[in-house]
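Okay, handing you the structure first.
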Amino acid sequence: MDTGVSLTAPSAASDDEGVDTLTIGKRIRQLRTARGLTLDELAAAVGRAPSQMSMIENGRREAKLTLLQAIARALGTGLDALLDAEPLDERASLEIAVERAMRGSTFQALGITPFRVGKTVPDEALAAMLALQAEIERLRDERSATPEEARRANVALRRLMRTQDNHFPELERTASEILAAVDHPGGPLTQRAASDIAAYLGFSLHYVPDLPQTTRSIADVKNGRLYLSTRVAKGDPRASVLQALSSRMLGHTEPTSYGEFLRQRVETNYLTGALLMPEAHVVAALRDAKARRALSIEDLRDAYSVSYETAAHRFTNLATVHLGIPVHFLKVHESGTITKAYENDDVNFPTDRLGSIEGQMCCRRWTSRVVFDEDDRFNPYYQYTDTGNGTYWCTARVEQSSEGAHSVSVGVRFDDTKWFRGRDTPNRGVSRHAVEVCCRRPPAELEAAWRDNAWPNVRTPRTLLATLPTGAFPGVDTTEVYEFLEAHAPR
């Protein structure tokens, strides 16, 4: 009976390039044939059956230390020669790589039964098999995320946000540590402070006119250079710098799934907001405003010189945890499509069968849609809306973007309206979006008059039938990015 410890890897199917059963078996076979020994002769020399030796040489059985020592003596070599991780020649390297591949998940998923790689199999055939396996794995890693996968990822992330009341203490701590490191005194973040954060992280800022169209920024980690577009000057330069650096602060690695990519995007936006609007300073201001019954998203926007959407997002991060106020947030395109959503106040937004809100049509009677009909774009729009879940109050604004106009709204349950400016609004609405007849179907008399007499030419959204962009970073042209870095890298 064999005794002693095994010196092989935990599994022969491992992708580890160290000493595993495949590598040891190949070395034994090559040393045996080089010595002119048959399999039966080696088996007899070590007191084992030929079938057992065959399994060891094929990497299908682990050999104990005592057996390996016996094999080494029979081959006239030392134990180290069997345990060397490097194969003896290029052919052996190919055979080992193919056999590892056959035992891996890719071949198993294709239903390919592992087979012995004989000497008659040409090197070119083995290389082709490895190339095909690599391409399959590349396509798997960069697979197209279907709209259904994206919706599932959105649902899972929104559930996590709801569980934590959209407040992530670890991200708040990261923001506090970064601000302390650059001696930020508190209050709104200045543009100089954003530049100091970049320098603290080892990056210099470079604004260029030829940033690839598929990117917002590119970090050259090797040379410590952060590239941003000269077009960014039209927006908030602080937010652009901080968003570009947030992944470095958070230690993000290349995402392996769309869900992870989405989570990283949310974390990046959250950290950017936490740096622009530091928690301790904002919470003190919010508590004071609540005491005065004067909470206002507009006041937050103006006090910290951020966009209305950033102020609204930041309010949802802090309102429940620090003020005890459940809230909801909506971003709606001018077409009526919901593009972002969050809620922990039991508001009943429309969902698909997967529970996804994003991509659904917002009720025409909800504040987020009604605000588009308002001529006054200077002042916020307030509205009470009666729903099947009770009455909600919302404040909303319309903002322009490269994709068209969007409304951004924050709302609370009726009982919490007393803490907000705009609670005395006379605007009222009734929404029954959970019921199809609310606004998703036309009034019966209109439908009767026009259903058989109308034929609209549908303007199909370009993303309706398409899958999401491929790649670890969906939609980014990596070749263009690498060419850009090569052209701009310091010489």
Side-chain angles (χ1 to χ4, degrees), residues 157 161 166 168 170-179 181-182 184 188-208 211-221 224-255 258 260-279 282 300-301 304-317 329 331 339-340 342 399 401-403 406 408 469 471-476 481 484-485:
L157 185 55
M161 295 163 67
N166 205 22
F168 292 84
E170 66 276 14
L171 298 179
E172 300 287 355
R173 285 193 296 270
T174 299
S176 296
E177 292 166 0
I178 293 293
L179 293 172
V182 297
H184 180 61
L189 192 77
T190 63
Q191 189 166 328
R192 176 177 295 179
S195 180
D196 290 343
I197 290 175
Y200 170 74
L201 295 172
F203 285 88
S204 57
L205 305 180
H206 302 266
Y207 287 86
V208 294
L211 194 74
Q213 291 290 326
T214 57
T215 65
R216 294 179 178 177
S217 63
I218 298 177
D220 179 349
V221 179
R225 296 160 71 91
L226 178 62
Y227 296 101
L228 302 108
S229 173
T230 50
R231 297 187 298 273
V232 170
K234 297 178 181 178
D236 185 345
R238 301 170 305 161
S240 301
V241 171
L242 296 177
Q243 285 178 335
L245 295 173
S246 288
S247 287
R248 307 302 305 170
M249 301 180 210
L250 295 170
H252 285 162
T253 57
E254 184 175 297
Y258 186 80
E260 185 179 356
F261 167 77
L262 190 63
R263 171 68 182 266
Q264 289 183 2
R265 285 286 300 272
V266 169
E267 291 178 344
T268 294
N269 290 334
Y270 189 111
L271 183 58
T272 298
L275 290 167
L276 290 170
M277 306 173 69
E279 182 177 31
V282 177
L300 276 182
R301 175 202 60 190
Y304 293 90
S305 299
V306 295
S307 69
Y308 187 85
E309 183 175 352
T310 297
H313 270 299
R314 194 67 179 131
F315 184 78
T316 67
N317 297 152
F329 168 94
K331 183 175 181 180
T339 59
K340 291 183 182 179
Y342 165 76
E399 293 189 328
S401 70
S402 58
E403 290 81 25
H406 285 83
V408 176
F473 299 96
V476 172
V481 169
F484 170 87
L485 288 173

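These figures come from a predicted structure and were not determined experimentally.
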Seminar exercise, completed: dist Leu211:CG -> Ile218:CD1 (nearest 0.5 Å) comes out at 5.0 Å
For this session: Inspect the surroundings of CZ in Arg265 and state if more than 12 heavy atoms from other residues, nucleotides or ligands are less than 6.0 Å away.
Result: no
Seminar exercise, completed: Here the gap from Leu171 atom CG to Met249 atom CE, rounded to the nearest 0.5 Å, amounts to 11.5 Å
Seminar exercise, completed: When rounded to the nearest 0.5 Å, the distance separating CD of Glu309 from CD of Glu399 is 6.5 Å
Problem set entry | Results of side-chain hydrogen bond (donor to acceptor under 3.5 Å, both in side chains) for Thr215 - residues two or more places apart only | none
Seminar exercise, completed: Tightest non-hydrogen contact, residues Ala193 and Leu189, listed as CB-CD1, 3.5 Å
Exercise. Under the 3.5 angstrom rule, does the side chain of Glu267 hit a backbone N or O of Ser246 as a donor-acceptor pair?
Worked result: no
For this session: First locate atom OG1 of Thr272, then atom CG of Leu245, and finally report the distance between them rounded to the nearest 0.5 Å.
Result: 9.0 Å
Problem set entry | Minimum heavy-atom distance between Leu271 and Leu250, given as atom pair plus value | CD2-CG, 3.7 Å
Problem set entry | Closest heavy-atom pair and its distance - Arg238, Thr190 | CD-C, 3.9 Å
For this session: Kindly give the heavy-atom pair with the smallest separation between Ser229 and Tyr207, and that separation in Å.
Result: O-CD2, 3.5 Å
Problem set entry | Taking every non-hydrogen atom, the tightest pair across Val208 and Phe484 | CG2-CZ, 3.7 Å
Exercise. Between Phe203 and Val241, is any pair of side-chain heavy atoms under 4.5 Å apart?
Worked result: no
Problem set entry | Close side-chain approach of Arg248 to Val221, heavy-atom, < 4.5 Å | yes
Problem set entry | Main-chain N/O of Gln243 paired with Thr268 side-chain donor or acceptor, under 3.5 Å | no
For this session: Look only at the side chain of Asn317 and the backbone of Asn166, and say whether a donor-acceptor pair between them is shorter than 3.5 Å.
Result: yes
Exercise. Just wondering, do Val306 and Met277 contact through their side chains at under 4.5 Å, heavy atoms?
Worked result: yes
For this session: List the atom of Leu276, the atom of Ala239, and the distance in Å for their closest heavy-atom pair.
Result: CD1-CB, 4.2 Å
For this session: For His406, check side-chain hydrogen bond (donor to acceptor under 3.5 Å, both in side chains) against everything at least two apart and list the hits.
Result: Ser401
Exercise. Applying side chain to side chain donor-acceptor pair (under 3.5 Å), which residue pairs with at least one partner in residues 192-205 are found, sequence neighbours left out?
Worked result: Ser204-His206
For this session: To the nearest 0.5 angstrom, please state how far the CG atom of Asp236 sits from the CG atom of Leu242.
Result: 8.5 Å
Problem set entry | Tyr270 (side chain) donor-acceptor with Phe168 (main chain) under 3.5 angstrom | yes
Exercise. Counting N and O atoms only, with roles assigned by atom type, does the side chain of Arg314 sit under 3.5 Å from a partner on the main chain of Val282, one being a donor and the other an acceptor?
Worked result: no
Problem set entry | Non-hydrogen side-chain atoms of Leu179 and Glu279 separated by less than 4.5 Å | no
